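Note on naming: letters A, B, ... go to the chains in the order of the sequence lines (proteins, then strands), and numbering restarts at 1 for each one. Source: prediction; values computed, not measured.
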Amino acid sequence: MTFGKGSHLHLIDGSAFIFRAYHALPPLTRKSDGLPVGAVSGFCNMLYKYIEDASGHDAPTHAAVIFDHSGKTFRNDLYPAYKANRPPAPEDLVPQFPLTREATRAFNVACIEIQGFEADDVIGTLAHQARDAGGRVTIISSDKDLMQLVGDGVEMLDPMKNKRIDREGVEEKFGVGPERVVDVQALAGDSVDNVPGAPGIGLKTAALLINEFGDLDSLLARAEEIKQPKRRETLIDKAEQIRISRELVKLVCDMELDFTLDSLEVQEPDADRLLDFLSKMEFRTIVKRVSDKFGVAPPAIPEAPSTASAPDAPATPESKPFDTAAYEKVSTMGALERWIDAIYARGYVAVDTETTGLDEMVADLVGVSLCVEPGVACYIPVGHTVGEDDLFGGSNLVDGQLAKNMVLDALKPVLEDPSILKIGQNMKYDAKIFARNGIKVAPCDDTMLMSYALHAGINGHGMDTLSERYLNHTPIPTKELLGSGKSAITFDKVEMTKAVAYAAEDADVTLRLWQMFKPQLHAERVTTVYETLERPLSPVLARMEMAGVLVDRDVLSRMSNAFAQKMAGLEDEIHQLAGENFNVGSPKQLGEILFDKMSLPGGKKGKTGAYATGADILEDLAAEGHELPARVLDWRQLSKLKSTYTDALQTFINAETGRVHTSYLQTGAVTGRLSSSDPNLQNIPVRSEEGRRIREAFIAPKGRKLISLDYSQIELRILAHVANIDSLKQAFRDGLDIHAMTASEMFGVPIEGMDPMVRRQAKAINFGVIYGISGFGLARNLRIPRAEAQGFIDRYFERFPGIKQYMDDTVEFAKDHKYVQTLFGRKIHTPEIGAKGPQAGFAKRQAINAPIQGSAADIIRRAMIRMPEAIKDLPATMLLQVHDELIFEVDEDACDAVIEVVKDVMESAAAPAVHLDVPIEVDAGIGDTWAEAH
DNA sequence: GGTCTCACG
DNA sequence: GACGTACGTGAGACCG
C-alpha cells in the first residue's frame, strides 16, 4: 500500500521508551543467568499492546521504532559540550539496548537507527515526509524536544500517561505554538542535554519574549528594546550562544533516508520468531499471551534457576564433572593447529602458563594450557627438563615436546588477535611471561579481577579459593606437585602426566569460573567497576612492574654497614643496662627483663601470656626517664631498617636490569587499594629522618630524574564531598589549612597564630573521622584521657553534624545491604556488619572507612589507567604507586612538561563519572632520588 | 604457622 | 554496664 491520504504512521521513540521503562519498572533479571531484562520486558509489553490495538479504529497503517545510534552526532561538532553532562547509561541497562533492537525485529516492526543523527531527527524527517504525503502521524514519546513537530496532522502520544498532545498541549507546555518551540528552547536552554541557552532565562521568560517579539531572530535583532537591563545585556552578549542553542534543539527534518515510507507498512509478526525471542528472554506472561493470540502451544521455559544466579550455590550435579585424565597433551603441530582452530571457532579461550618460578621477571616458560569449554582442555609442554642444567646454561629437554619458539609463533596471532578474548586467572602474571617472549596478550578477561569486583570482603580471589567455593571442586594442590620447603622442585621437573593434569585443570577451572562470573557482573551491578577500574588497570600495572625502579646497591650496602655498627653499640649498652645478655630482638625476653627483672610499671600481658612491648609502651617508659626502653626503641628502628630495607632490598635487584621490580596485587585490599610485594615498595620509610635516607637509594639513571606527584588530603576532600559538608568544601575551595580550619571551628580560635598543639589535635580528629572515630582510639593516639577525647569527638560532631549523619547513614546502608559502595560503584561487602559484641564496632568502622578509602583508590586507579595514553609522546615512564602518590622516571629536560600533563590527569581523574564538589589538588616534586622528589 | 612488631598511606 | 577498639596493607624475627 502506498503511503498517502488515509495512511497513519506511528513513530515510536525507542530510546526514550527504554529509559522510561528502565526507571519506571522494578529491576528484573533473567532467571537462568541474571541478565538484566527489565527494560526489555517493558518494551515488549508496550509493543505487544501496540499490536493488539493495531486492529482498533485508529490503527496505524505504517510504523517504525527509532533508536538513537551510539556515538557522536553533528551536534557534538557544533557544540562539543552537547549532552556532555549526561551520566553514562546505568550498567544494567547497557546490555538491554541491543536486546530491544532484537525485540523490535522479532515483533516484525521496522527498526531504525542512523549514525550521526539522533532518533529525534529521524522522527522529524519521517513525520515531515508523511505529512507532506497527506497522511497522519502519531509520535509515541513524551520527549518535549519532539513537540516542535506537532501540528498539521502530527500528534504526540505519551505512552506512559496515555495522553495525546496536540497543538494546545504544546502551547500549554511551552507558552507558544509548535513552530516557535525551537525559539523558546534556544533561550531557555536545557540542563539535561547541556544546551546553554541564555543564562538566567527560563521557559516562562522565554515564551514571554518570543510572544512579544514574534520570533527569535526579531528578538535578537531588536534586543536593545528590552527594558530589563540584565535581560537585555544577556541577549546581546550571548546572541551567538543562543543561536547555537537553536541549532542544537532544532530537529533535522530533511535527512536523506535510504528507505521509503511504504517500507514501514505494518505487518503481522511471525509467531515462531517472536515466541522464540520471548522465551529466550524468559518472559512467561507475554509468551503465554502471544501463544494464545496466535493459537499455538507456548514454548517451554526452564523453570529452575541455574547456578549462575546464585553466587553461593555449589555446582549442580548436572554440570560437567572434572576429569583430569581427559585433558590432552599437545606434542605435534597438527594437534596445536586443531586447538587454534577450536579457539577461532569459539572466539575465546582460557589460557594459563606454567613457569620455572614465581618471579615473572626471571621465570622461564615451561608450558601453556588452553581450555575452550568446560572439560575440554590441553597442555602444551615446551620447557620440561631432566637432570641438572649443563655448564652452558642449556638443559636437557624431555622428549615429546614441541619447540618453544614454534609454539609461541603459532600462538602469537591468537593471543594478539583483537577478536579473540583471552581468559586468565591473574592474567597479569601470564601476560608478563608472554610479554618477555614478545607477545602482547589482548584483549583479556581475568577471573581474579571479576571475583574482586563481585566478592571483595566476602572471600579471597585465588584460584583454589574460587574453585572450591564456586565450582565445588578442589584443584590439584601445587604442593602435591612441587613439594614444599627445601625439597621443592620447579615446574619443569614435574612428571609429564601430572603436569598435564595440573596445568590443563587450571585452564578448565578458569573457564568455568569465567562462565559463572560473567553474567553475575551484570546481576550484581559491577560491570562498570570491572570494565573501567579493574580490567584496564592490569596491563598498566604489568608495564610498571616490568619497567622497575633503579636502585643503587652501594648506597644500601653502606647504610647496612652503618646500621650494623650502631646496633652493635646499642646492644652492648642495652645488655649493660639490663645487667645480662639477652636477645634484644625477642619481645618475650625483653618483656621479662623489663617487667620481671627490673619491675618497671605498665607490664601488661596479652592473650598469649607474653608482656606487650610495642613502641607505645616503650615510649611511655622512656618518657619516664628509663634508659633501657629508650635504647631498645633506637635499636628496633635500626633493626627494622636494616633487615627489611637495606638488606632485603638488595636481594631484589634484578641481575639483568639492575632494577627492582615490585609486584602489585590488584585484589590485595578489600577497599580497592593496591598492595605491593616482593618487595613491598609501598612502605619504604619516610616518617623518620634516618629511615627517609633509604629513599636516596632509589635513583634515576643518568640524564633522567624521578618525579613524584601526590594527592593532597584526598580522603578528607572525599569526606567533605560525600558527607556534603559546606564549611569543609568551602575551606578546600579557599585553599585553607584544613586541620587548622577544623581546630578553629571546634575550639573557636583564629587560624592565624594557632598553637601547633591545637592543630595537631584537630589533625588527629580528622584522621580519626576517616577511620570511624572512637573515644578510646583518639585518646590513645593523642595520649589524653578518654573522657577528654570523647569531649573532642562530641564537639566535632556538634560542629559538623553532617559527618555524624553520613556515618550513621553509611552504617545503616551497610546493615540493609551487607555492603557499602565507593563513589564509582565499587562494592565492599561487610558480612560482619550485623555481628554482636566487639565485632560490631569493628565492622562499623570498616563500613565507614571503606567508601572513603575506596573512592580515593578508585580515583588514582582512573588516573593510572589514563596515564599511558596521556604521556605516550613524552619521555616518561610510570614506575610506582603508593596509594596517593605516583612516581615517574623522566628525561631531565622534560620534567616540567610531564608534571603538567600528569597533574592534570590526576586532578581530573574523577570526571566525568563523578563530579566532585571539592577541588582535587596534586603536589609535585623533582629529584635525582626518591628522597629528593617526594 | 601463629604472633608480635613496625614500615607505609 | 561491659565489652574491645582507630582504617588499609606486607615483611621480618621469634618461638613452639
Exercise for the section: Remember a base hit wins even if backbone is also touched, and classify A:Arg780 as base, sugar-phosphate or nothing at under 4.0 Å, heavy atoms. Expected result: sugar-phosphate

Practice task
Nearest whole angstrom, please: distance from the P of C:dG8 to the CD1 of A:Ile848.
Solution key: 12 Å

Practice task
Kindly indicate whether the side chain of A:Ser774 and the base of C:dT5 share any N or O donor-acceptor pair separated by less than 3.5 Å?
Solution key: yes

Handout entry: Neighbour count >12 (heavy atoms, 6.0 Å) for atom NZ, A:Lys729
Key = yes

Handout entry: Interatomic distance where CD1 belongs to A:Ile887 and P belongs to B:dG9 [whole Å]
Key = 10 Å

Handout entry: Salt bridge A:Arg636-A:Glu571, side-chain N to carboxylate O under 4.0 Å
Key = no

Completion exercise
When rounded to whole Å, the CD to P distance for the pair A:Gln790 and C:dT5 reads 17 Å

Practice task
Look at the side-chain N and O atoms of A:Arg673 and state whether any lies under 4.0 Å from the OP1 or OP2 oxygen of B:dG9.
Solution key: no

Practice task
Give A:Gln589 one of three labels, base, sugar-phosphate or nothing, depending on what nucleic acid heavy atoms sit under 4.0 Å from its own.
Solution key: sugar-phosphate

Practice task
Pick base, sugar-phosphate or nothing for A:Gly614, based on heavy-atom distances below 4.0 Å to the nucleic acid.
Solution key: sugar-phosphate

Exercise for the section: For A:Asp884, report the nucleic acid contact type (base, sugar-phosphate, nothing); a contact means any heavy atom under 4.0 Å. Expected result: sugar-phosphate

Practice task
Tell me the stems DNA chain C sits in, counting at least three consecutive Watson-Crick or G-U wobble pairs, each under 3.5 Å on both distances.
Solution key: B:1-9 with C:7-15

Practice task
Would you mind classifying the nucleic acid contact of A:Ala764 as base, sugar-phosphate or nothing, using non-hydrogen atoms under 4.0 angstrom?
Solution key: base

Problem - Rounded distance (Å) that lies between atom C1' of C:dC7 and atom CD1 of A:Ile852 - result: 9 Å

Exercise for the section: Return the value, rounded to whole Å, for the distance between atom CG of A:Asn680 and atom P of B:dG9. Expected result: 11 Å

Exercise for the section: Walk me through it: do A:Phe747 and A:Tyr796 pass the test ring pair (Phe, Tyr, Trp, His ring centres under 6.0 Å)? Expected result: CA-CA 9 Å; A:Phe747 306 115; A:Tyr796 182 89; over 10 Å; no

Exercise for the section: Assign A:Ile684 to base, sugar-phosphate, or nothing according to its heavy-atom contacts below 4.0 angstrom with the strands shown. Expected result: sugar-phosphate

Exercise for the section: Quick one: label A:Ala648 by what it contacts on the DNA or RNA (base, sugar-phosphate, nothing), any heavy atom closer than 4.0 Å. Expected result: sugar-phosphate

Problem - Pairwise C1' distance, B:dC6 and C:dA2 [rounded to whole Å] - result: 31 Å

Problem - Pair A:Glu921, A:Gln713: side-chain N/O donor-acceptor within cut-off below 3.5 Å - result: no

Handout entry: Neighbour count >12 (heavy atoms, 6.0 Å) for atom CZ, A:Arg543
Key = no

Problem - Between P of C:dG8 and CZ of A:Arg826, the distance in whole Å - result: 15 Å

Practice task
Identify whether any heavy atom of A:Gly585 sits under 4.0 Å from a base atom; if not, whether one sits that close to sugar-phosphate; answer base, sugar-phosphate or nothing.
Solution key: sugar-phosphate

Practice task
Remember a base hit wins even if backbone is also touched, and classify A:Arg692 as base, sugar-phosphate or nothing at under 4.0 Å, heavy atoms.
Solution key: nothing

Problem - Residue A:Arg786, side-chain heavy atoms: nucleotide from C:dA11, C:dG4, B:dC6 that is nearest - result: C:dG4

Exercise for the section: For A:Ala856, answer base if it contacts any base atom (sugar-phosphate contacts may also be present), sugar-phosphate if it contacts only those atoms, and nothing otherwise; contact means non-hydrogen atoms under 4.0 Å. Expected result: nothing

Practice task
Would you classify A:Leu641 as touching base, sugar-phosphate or nothing, given that sugar-phosphate means primed atoms plus P, OP1 and OP2, and contacts are heavy atoms under 4.0 Å?
Solution key: nothing

Exercise for the section: Answer yes or no on whether A:Lys827 is positioned over the face of A:Tyr819, meaning its NZ or CZ is under 6.0 Å from the six-membered ring centre and within 45° of the axis. Expected result: yes

Exercise for the section: Please work out if A:Gln637 contacts a base, only the sugar-phosphate, or nothing of the nucleic acid, heavy-atom cut-off 4.0 Å. Expected result: sugar-phosphate

Practice task
Carefully, step by step, assess A:Asn581 and A:His575 under the rule side-chain contact (heavy atoms from CB on, under 4.5 Å).
Solution key: CA-CA 5 Å; A:Asn581 285 5; A:His575 289 160; 3.4 Å; yes

Practice task
Could you check whether A:Phe776 gets within reach of a base, just the sugar-phosphate, or nothing at all, counting any heavy atom under 4.0 Å?
Solution key: base

Practice task
Just call it for A:Gln853: base, sugar-phosphate, or nothing, with non-hydrogen atoms closer than 4.0 Å on any strand.
Solution key: base

Exercise for the section: For A:Phe767 and A:Lys763, run side-chain contact (heavy atoms from CB on, under 4.5 Å): C-alpha distance rounded to whole Å, both residues' side-chain angles, the deciding distance at 0.1 Å, then the answer. Expected result: CA-CA 6 Å; A:Phe767 276 103; A:Lys763 184 175 172 180; 3.8 Å; yes

